[in-house]
Amino acid sequence: MNTEMAYLLGMILGNGEIQQDRSETKITIDIPHKNLYTDDMKEAAVYVKASLIDIQSLLEPLLAQHLTTTQTKRSTQITFTKKNEEYVMREILRFIGAGKHHSTMKMNDDLFSITSDEKKALLRGIADVTAYIRESNIAFNKKSKQHRVYIEIPGNWYMVIDIANMLKSLDIPIQTIDFGHPNCRDTNLKFYNLGKQYYWKKEHQIKIFANEFLPIGFNIQHKQDALEKYAKELLKNNPKLQTHKFYWEKRIKTKKIKAAHPCENDNSLPIEIRGKHFNSWQELARILGYGE
């Protein structure tokens, strides 16, 4: 393992897809342009294309081949193909488990024993393809500028916990997790009663205060520029804000009792939480394995 391999694994785990036949494996990594334009109204695709030069120089020596890149207005794809018996391919497949798509991949336990620098590189790879940084939204007082990084994970419950525990091992706290669960995304059955039974089936979102994410950062330059800007702004506008707290270190508040949702037994939910009711994201995270 080295930081280059860790970064590549992060990109695959974050938004990769595997196509394998008897002799070769093709890996495609998608970098979505979450917003078509950056906050300074520049095209995101242009920024990503510029960052690809650095990413290629990082990964091509590791793979001993050229990376194929294609780009549309809404996403950039990186593709490479290698023989199944090649060592680097065998290691990639070992570390991402049996999943063929990022929605079904799981971090191999050995990844939690790599060095801190390698863990940061892995998380940076995930962030480059799944995360974004933006100004604080209506969840906070606009004047306070409590900006956060959002890591989005479509469908993969176990990847949420893997990422959370990887961050924990680096002493980086999560501010909150918005799980794609009926008790989190349709707490009062508003959408269920409107006939939108599965409104809650959305991507999971891990939210981290911008300044706490600085040790990880991005290799996509416009994301890194925004991170540094918003982290500085957060600290300037919130000098007394205690961002470095894990949820189990915070004062326990009286939990608001949420309405029972008919989809709490949905078959898409992991067996560990299926049929259970949750009044907070912390309860859900603890059962799945992210806790003190």
Next item on the list: Kindly compute the distance separating CZ (Phe209) from OG1 (Thr176), expressed to the nearest 0.5 Å.
Entry: 9.5 Å
Item checked: Ile153 CD1 to Ile206 CD1 distance, which is reported to the nearest 0.5 Å -> 3.5 Å
Checklist line | Contact summary for Trp157 and His181, nearest pair of heavy atoms | finding: CH2-CB, 3.7 Å
Check: Is the distance between the ring centroids of Tyr247 and Trp281 less than 6.0 Å?
Finding: yes
Next item on the list: Assert yes or no for the condition that the ring centre distance of Tyr290 to Trp248 is strictly below 6.0 Å.
Entry: yes
Next item on the list: Give me the ring orientation class for Tyr230 and His147: parallel if the planes are under 30° apart, tilted from 30 to 60°, perpendicular past 60°.
Entry: tilted
Main chain of [Y], side chain of [X]: is a donor-acceptor contact present, judged purely on distance under 3.5 Å?
X: Glu228; Y: Asp225; value: no
X: Lys229; Y: Gln224; value: no
X: Asn165; Y: Gly289; value: yes
X: Asn84; Y: Met89; value: no
X: Lys223; Y: Gly217; value: no
X: Gln77; Y: Thr68; value: no
X: Asn238; Y: Leu241; value: no

Side-chain contact, heavy-atom cut-off 4.5 Å: [X] with [Y]?
X: Asn219; Y: Leu58; value: yes
X: Met1; Y: Phe95; value: yes
X: Met107; Y: Ile163; value: yes
X: Lys202; Y: Phe179; value: no
X: His66; Y: Glu60; value: yes
X: Leu63; Y: Lys82; value: yes
X: Lys276; Y: Ile287; value: yes
X: Phe246; Y: Ile174; value: no

Check: Can you tell me if Glu152 and Thr130 form a side-chain donor-acceptor pair at under 3.5 Å?
Finding: no
Checklist line | Verdict with supporting geometry, Phe218 and Phe213, ring-ring contact (aromatic ring centres under 6.0 Å, His included) | finding: CA-CA 9 Å; Phe218 298 94; Phe213 201 73; 5.6 Å; yes
Checklist line | Check against side chain to side chain contact (heavy atoms under 4.5 Å, CB included), Leu123 and Leu170 | finding: CA-CA 10 Å; Leu123 289 167; Leu170 294 168; 3.6 Å; yes
Margin query: Run Ile208 and Arg148 through side chain to side chain contact (heavy atoms under 4.5 Å, CB included) and show every step you take.
Written below: CA-CA 5 Å; Ile208 305 155; Arg148 297 173 293 177; over 6 Å; no
Checklist line | Under-4.0 Å salt bridge between Asp110 and Arg94 | finding: yes
ILVMFWY network linking [X] to [Y], side-chain heavy atoms under 4.5 angstrom:
X: Leu59; Y: Phe80; answer: yes
X: Val160; Y: Tyr158; answer: no
X: Phe278; Y: Leu189; answer: no

Notebook entry, point to check: Run the side chain to side chain contact (heavy atoms under 4.5 Å, CB included) check on Leu167 and Glu212 step by step: do they pass?
Noted result: CA-CA 10 Å; Leu167 288 164; Glu212 297 291 346; over 6 Å; no
Checklist line | Test side-chain hydrogen bond (donor to acceptor under 3.5 Å, both in side chains) applied to Thr243 and Asn211, step by step | finding: CA-CA 8 Å; Thr243 61; Asn211 59 306; 3.0 Å; yes
Check: residues 7-18 side-chain donor-acceptor pairs under 3.5 Å, at least two apart:
{"from": "Tyr7", "atom 1": "OH", "to": "Asp128", "atom 2": "OD2", "distance (Å)": "2.5"}
{"from": "Asn15", "atom 1": "OD1", "to": "His102", "atom 2": "NE2", "distance (Å)": "2.9"}
{"from": "Asn15", "atom 1": "ND2", "to": "Asp30", "atom 2": "O", "distance (Å)": "2.9"}

Note to self: What verdict does the salt bridge (Lys or Arg N to Asp or Glu O under 4.0 Å) test give for Glu233 and Lys236, after you've listed the backbone C-alpha separation in whole Å, the side-chain angles of each residue and the deciding distance to 0.1 Å?
What the structure shows: CA-CA 5 Å; Glu233 196 172 85; Lys236 178 182 178 181; over 6 Å; no
Check: Does Glu249 CD have over 12 foreign heavy atoms under 6.0 Å away?
Finding: yes
Notebook entry, point to check: Are there more than 12 heavy atoms of other residues, nucleotides or ligands under 6.0 Å from atom NZ of Lys190?
Noted result: no
Notebook entry, point to check: Going through the checks in order, is the side chain to side chain contact (heavy atoms under 4.5 Å, CB included) test met by Glu283 and Asn279?
Noted result: CA-CA 7 Å; Glu283 292 176 0; Asn279 290 309; 4.1 Å; yes
Margin query: Applying side-chain hydrogen bond (donor to acceptor under 3.5 Å, both in side chains) to Gln20 and Lys100, what does each step give before you reach the verdict?
Written below: CA-CA 9 Å; Gln20 189 174 47; Lys100 300 300 181 185; 3.3 Å; yes
Identify each donor-acceptor pair in which a side-chain atom of residues 262-271 lies under 3.5 Å from a protein atom, sequence neighbours left out, and give them as a table.
{"from": "Glu264", "atom 1": "OE2", "to": "Asn183", "atom 2": "ND2", "distance (Å)": "2.9"}
{"from": "Glu264", "atom 1": "OE2", "to": "His261", "atom 2": "N", "distance (Å)": "2.8"}
{"from": "Glu264", "atom 1": "OE2", "to": "His277", "atom 2": "ND1", "distance (Å)": "2.7"}
{"from": "Asp266", "atom 1": "OD2", "to": "Lys201", "atom 2": "NZ", "distance (Å)": "3.2"}
{"from": "Asp266", "atom 1": "OD2", "to": "Ser268", "atom 2": "N", "distance (Å)": "2.9"}
{"from": "Asp266", "atom 1": "OD2", "to": "Ser268", "atom 2": "OG", "distance (Å)": "2.5"}

